[in-house]
Number of protein chains: 2
Amino acid sequence: MTEECTAREVLDRVGGKWSIAIIVAAAQGPVRFTELERSIVGISRRMLALTLRNLERDGLLTRTVFATVPPRVEYLATDLSREIYDALVTLTTWAERHRMEIASARAAYDQRALE
Amino acid sequence: MTEECTAREVLDRVGGKWSIAIIVAAAQGPVRFTELERSIVGISRRMLALTLRNLERDGLLTRTVFATVPPRVEYLATDLSREIYDALVTLTTWAERHRMEIASARAAYDQRALE
DNA sequence: CCGGATCCGGAACGATACTG
DNA sequence: CAGTATCGTTCCGGATCCGG
C-alpha cells in the first residue's frame, strides 16, 4: 500500500511545503541547521527537522555530524537531487516573477464568483 | 495574512498532490474532465474537480464550456503555466527514473534505524 | 546548538451518492 | 458528461517542552 513509490509519490516528497527551498539551499554547499532556519522564512523548527530527515531518508540530502562542542551538523545535496536543481530554480524564479499576476488572477476569479 | 502570496505559496499550488499531472496533461492540448479522470491514475472525482478549479482560479488553466448535450468542458494550460512545462516534465521523468533508487535509499535508512 | 517528543486544530484527501 | 454534497479519515503544521 505504501509500497507503491510511483513517480507521484516521489514528487510528493519534492513537492512538500519546504523541500524545494531546502534542496536549493543545500545544493550551493554545506549548510547548517540554524543557517537554514534563518534563511528559509516562515519555516518552523519542527518542519525543518522533519523535512531534512525525510530528504535524507530518500537520499536527496546527506547529513554530517561533527563531534565538536557545540555540535555542528551540515546538510548537503546529493548528486541525485542536484539533477533537478535547474528545474527547481526555474520553478522558484517563475513563482517569484508571476506571483503578482497570479494573485490578481485569483482576486478577479473570486470577484466574479460574488455576483 | 493570506495576502502574502509569496513564491512559496505559488509553489504550493503547483506542488499540490495532483497539479503537476494535470498541468502537463493540459499543456498538450484541450482535455476533458473524464479524460483526465481516466489518465491520472488514483485521482478521485472530487480532487480532480477541486484541483482544476484552483488551477483555473490562479490563471494556470482555462475552462471552456460547450453548450451541447451531453455537456462538454475542456481544460487547457495557459501561457503562464506553459512556461514551467519543461521544468515539470523534467521533474516527472526524473521521479520516474529514480523511484527505485529512492525507494531503496528509504528502505536502507529505515533498516539502519531499527538497530 | 541541534534537534526529538507530544499535543492539538485545521486543512487536505478519499469514497460515495446525487444532480442538471 | 461534468460536476456538487456530505461524511469520515488522515495528515500537515504550529506551539511547546524536553534532552544530548
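Basis for what follows: all heavy atoms, side chains included, without hydrogens, waters or symmetry-related copies. Within every chain, numbering begins at 1; the chains are lettered A, B, ... in the order of the sequence lines, protein sequences first and strands thereafter.
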OP1 or OP2 of [N] versus the side-chain N and O atoms of [X]: is any pair under 4.0 Å?
X: B:K17; N: C:dG14; result: yes
X: A:R46; N: C:dT6; result: no
X: A:R53; N: C:dG4; result: yes
X: B:S44; N: C:dA15; result: no

Nearest-nucleotide pick for [X], side chain only, options being [options]:
X: B:R63; options: D:dA15, D:dG3, D:dA5; value: D:dG3
X: B:V73; options: D:dC1, C:dG14, D:dA2; value: D:dA2
X: A:M47; options: D:dT4, C:dG4, D:dG13; value: D:dG13

(message) Side chains of B:W94 and A:V14, heavy atoms from C-beta outward: is any pair under 4.5 Å?
(response) yes

(message) If you assign B:E35 and A:P71 each to the DNA chain D nucleotide with the nearest heavy atom, which residue ends up on the more 5' nucleotide?
(response)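 So the residue in question is B:E35.
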
Roughly, in whole Å, what's the span from [atom1] in [X] to [atom2] in [N]?
X: A:L36; N: C:dC1; atom1: CG; atom2: C1'; answer: 14 Å
X: A:F33; N: C:dG4; atom1: CZ; atom2: C1'; answer: 10 Å
X: A:E37; N: D:dG13; atom1: CD; atom2: P; answer: 16 Å
X: A:I43; N: C:dG3; atom1: CD1; atom2: P; answer: 12 Å
X: B:L50; N: D:dA2; atom1: CG; atom2: P; answer: 17 Å
X: A:L52; N: C:dG4; atom1: CG; atom2: P; answer: 9 Å
X: A:I22; N: D:dG13; atom1: CD1; atom2: C1'; answer: 14 Å
X: B:D12; N: D:dG13; atom1: CG; atom2: C1'; answer: 12 Å

(request) Would you indicate what B:F66 reaches in the nucleic acid, counting non-hydrogen atoms under 4.0 angstrom: base, sugar-phosphate, or nothing? (result) nothing

(message) Using a strict threshold of under 4.0 Å (side-chain N to carboxylate O), is an ion pair present between B:D110 and A:R57?
(response)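 Salt bridge present between A:R57 and B:D110.
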
(message) Pick the closest DNA chain C nucleotide for B:R45 and for B:G16 by heavy atoms, then say which residue is nearer the 5' end.
(response) B:G16

(message) Using only atom types and a distance under 3.5 Å, with no angle test, would you say the side chain of A:R8 pairs donor to acceptor with the backbone of B:K17?
(response) yes

(request) Give a yes or no answer on whether the side chain of A:R82 reaches the backbone of A:A77 with a donor-acceptor pair at less than 3.5 Å. (result) yes

(message) Which residue is it: B:R97, B:H98, B:R99? I am looking for the one with a side chain to side chain donor-acceptor pair (under 3.5 Å) to B:E101.
(response) B:H98

